[in-house]
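Single-structure report; data block below.
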Amino acid sequence: MSNIKLRSGGTIPLEMHRARMVQKINLLPVNERLEKIQEAGFNTFLLRNRDVFLDMLTDSGTNALSDNQFAAMFQADDSYAGSETFFRLEKVLVDLFGKKHFLPAHQGRACEHIIARTLVKPGSVAIMNYHFTTTKAHITLMGGGIEEIISDEGLKVKSDAPFKGDIDIDKLNEAIKRIGTENISFVRIEAGTNLVGGQPVSMKNMREVSAICRALGIKLVYDASLLADNLYFIKTRDEEFRDVDIQEIMLEIGRLMDIIYFSARKLGSSRGGGILTSDDEIFSQMRELVPLFEGFLTYGGMSVRDMEATAVGLIETLDMGVISQTPVFVEALCNEMQANGVPVVLPPGGLGCHVDAREFCNHIPQEEYPAGALAAALFIVSGVRGMERGTLSEQRNPDGSERLAEMELVRLALPRRVYTLSQIKFVADRFAWLFENRHMIGGLRFTDEPKVLRFFIGQLEAIGDWPQALAKKFAEDFGGSL
Ligand code: F0G
């Protein structure tokens, strides 16, 4: 565990590792940060990483690798077919989850593509706690729809519920009745529910959902991309599991689910992805798609080096000292933010600290993307890159109107074992300044809006000259300091 008690009775998040290799980062002056975000069309995805001070866009493919992961990469068996590396990774995965079959894919969304192609029929509905952007895009691409039945607590910014990602069982029963078993492509549980603030799902909930699906013959799909954080929360927030081995917890999850998939850019802290199942029929259907879309069955689009790193990273997921790193630092950042009055999603989840842009910028209408504007403003005043997770990350309705997001969040992702406590304190300090000056932040509008997943490459402009005024005020207040 890495939340260590202090003499005063408080706790401190402690790094349970040492840095033997480091990368230099640059903090550009504020006027240059302003220029860079303008050049990026106010979209933090379009910034160049060399212009970013702390990259808190995502933990995807940006977690620190361990010495053992690097060492394993040297043993990779490079071959198109029948690579020993594949068999090593397969064994780790089938052992961890207790499943029969493993299919490799180049990343999480590739797994979603294969699963959607196999199970989604036009007009069918996938029921889930909450969507992830790429999940929904692949289901709708196949002509299916989605229905979200997360617990009411899940959509409250501030809550005491320890497992806000839980499915509402009444809503599940009602949805099944209304939609009809034959029209349901699958039920999906997303561990560490990404878009509502990295909120975990309880084992009790997984057991209940699984029992309902089994009784009706509905396939239960598990997105395990954020499982590492979710495991930490099961261990620390559910009394039943305090003394249970993480491996045992993973095996139980494996028993409850029909299909498990993951992004190895997150789970396993490497690159790649994969699908696990014990269902022979579904396996043989999905297997045909892998060589077509991903690569041969023993690499699926992954490099063998990444597969070796993933295998070791998955084993390291059994270590609380490793998997606690993100959640304890997220909690520390949330605590600092709260102490400064900045509204954040509570309780702290995994993945990152999520700032409530709706409250932070309550003077900006959702149609002018308050979370996008806040992410851009943060970059101007700190060089920190966060990610918009609100209306901008939604797709327009078929009639062209905006689909207003249920939550307007700016995510400050904390890649595992990358940033230190002083860097966390720096972020909180700059955010506090921004909060005091929040009324200076204005809205954004699109200048170039892609139809699908527009948040990735869409470009926007500021409504008014608020970015210039904000940069000027920052320079005055900090007396020319960065
Ligand atoms: N499912 C979840 C829950 C995810 O968080 C992601 C990726 C995916 C699926 C897709 O995986 O990127 O390997 O194709 N989330 C990243 C993020 C992009 O920044 O949160 P992928």
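Just follow the structure's listing: the first ligand is 1, and inside any ligand the first atom is 1.
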message = Centroid separation under 6.0 Å, is that true for the rings of Y369 and F446?
response = yes
ask   = Any nitrogen or oxygen of R411, main chain or side chain, under 3.5 Å from a nitrogen or oxygen of ligand 1?
value = yes
query = Which protein non-hydrogen atom lies closest to atom 2 (C) of ligand 1, naming both residue and atom, and how far is it?
reply = D223 OD2, 3.4 Å
query = Should T134 be counted as touching ligand 1, given the test is an N or O pair under 3.5 Å?
reply = no
key: Under the ring pair (Phe, Tyr, Trp, His ring centres under 6.0 Å) test, residues paired with F45 that sit two or more places apart   = F455, F456
task = Find out whether Y130 and N194 are in side-chain contact, i.e. whether some heavy atom of one side chain is under 4.5 Å from a heavy atom of the other.
result = no
query = Side-chain contact, heavy-atom cut-off 4.5 Å: L404 with E367?
reply = yes
query = Is the closest side-chain heavy-atom distance between D356 and V342 below 4.5 Å?
reply = no
message = Suppose I only count heavy atoms of M387 and a 4.0 Å limit; which atoms of ligand 1 are within that range?
response = 19 (O)
task = Decide whether an N or O pair under 3.5 Å exists between R188 and ligand 1.
result = no
ask   = Given side chains that start at C-beta, do those of V52 and F379 come closer than 4.5 Å, heavy atoms only?
value = yes
message = For atom 6 (C) of ligand 1, what is the closest protein heavy atom, and at what distance to 0.1 Å?
response = F132 CE2, 3.3 Å
remark   = Ranked by distance from atom 5 (O) of ligand 1, the top protein heavy atom is N194 ND2, 2.8 Å
request  = Quick one: look up the protein heavy atom nearest atom 13 (O) of ligand 1 and list residue, atom name and how far away it is.
outcome  = S263 OG, 2.6 Å
ask   = Of the listed options (R109, R265, R389), which comes nearest to atom 18 (C) of ligand 1 when hydrogens are ignored and any heavy atom counts?
value = R109
request  = Find out whether R396 and E402 are in side-chain contact, i.e. whether some heavy atom of one side chain is under 4.5 Å from a heavy atom of the other.
outcome  = yes
ask   = Does the N or O separation between L351 and ligand 1 drop below 3.5 Å for any pair?
value = no
key: Closest approach of any protein heavy atom to atom 9 (C) of ligand 1, naming residue and atom   = E112 OE2, 3.3 Å
message = Is it the case that ligand 1 has an N or O less than 3.5 angstrom from some N or O of Y261?
response = no
inquiry  = Tell me whether the rings of F360 and F431 are parallel (<30°), tilted (30 to 60°) or perpendicular (>60°).
reply    = perpendicular
inquiry  = My understanding is that only residues two or more places apart in sequence, or in another chain, count here; which of them pass salt bridge (charged side-chain N to carboxylate O under 4.0 Å, His left out) with D59?
reply    = K266
query = Applying a 4.0 Å heavy-atom criterion (strictly less than), which segment of H106 is in contact with ligand 1: side chain, backbone, both, or neither?
reply = neither
remark   = The closest protein heavy-atom partner of atom 16 (C) of ligand 1 is K266 CE, 3.2 Å
query = Which ligand 1 atoms are under 4.0 Å away from a heavy-atom of E190?
reply = 3 (C)
ask   = Below 4.5 Å, heavy atoms only, C-beta onward: do L251 and Q247 meet side chain to side chain?
value = yes
Enumerated ligand 1 atoms positioned under 4.0 Å from heavy atoms of T58 = 17 (C), 19 (O)
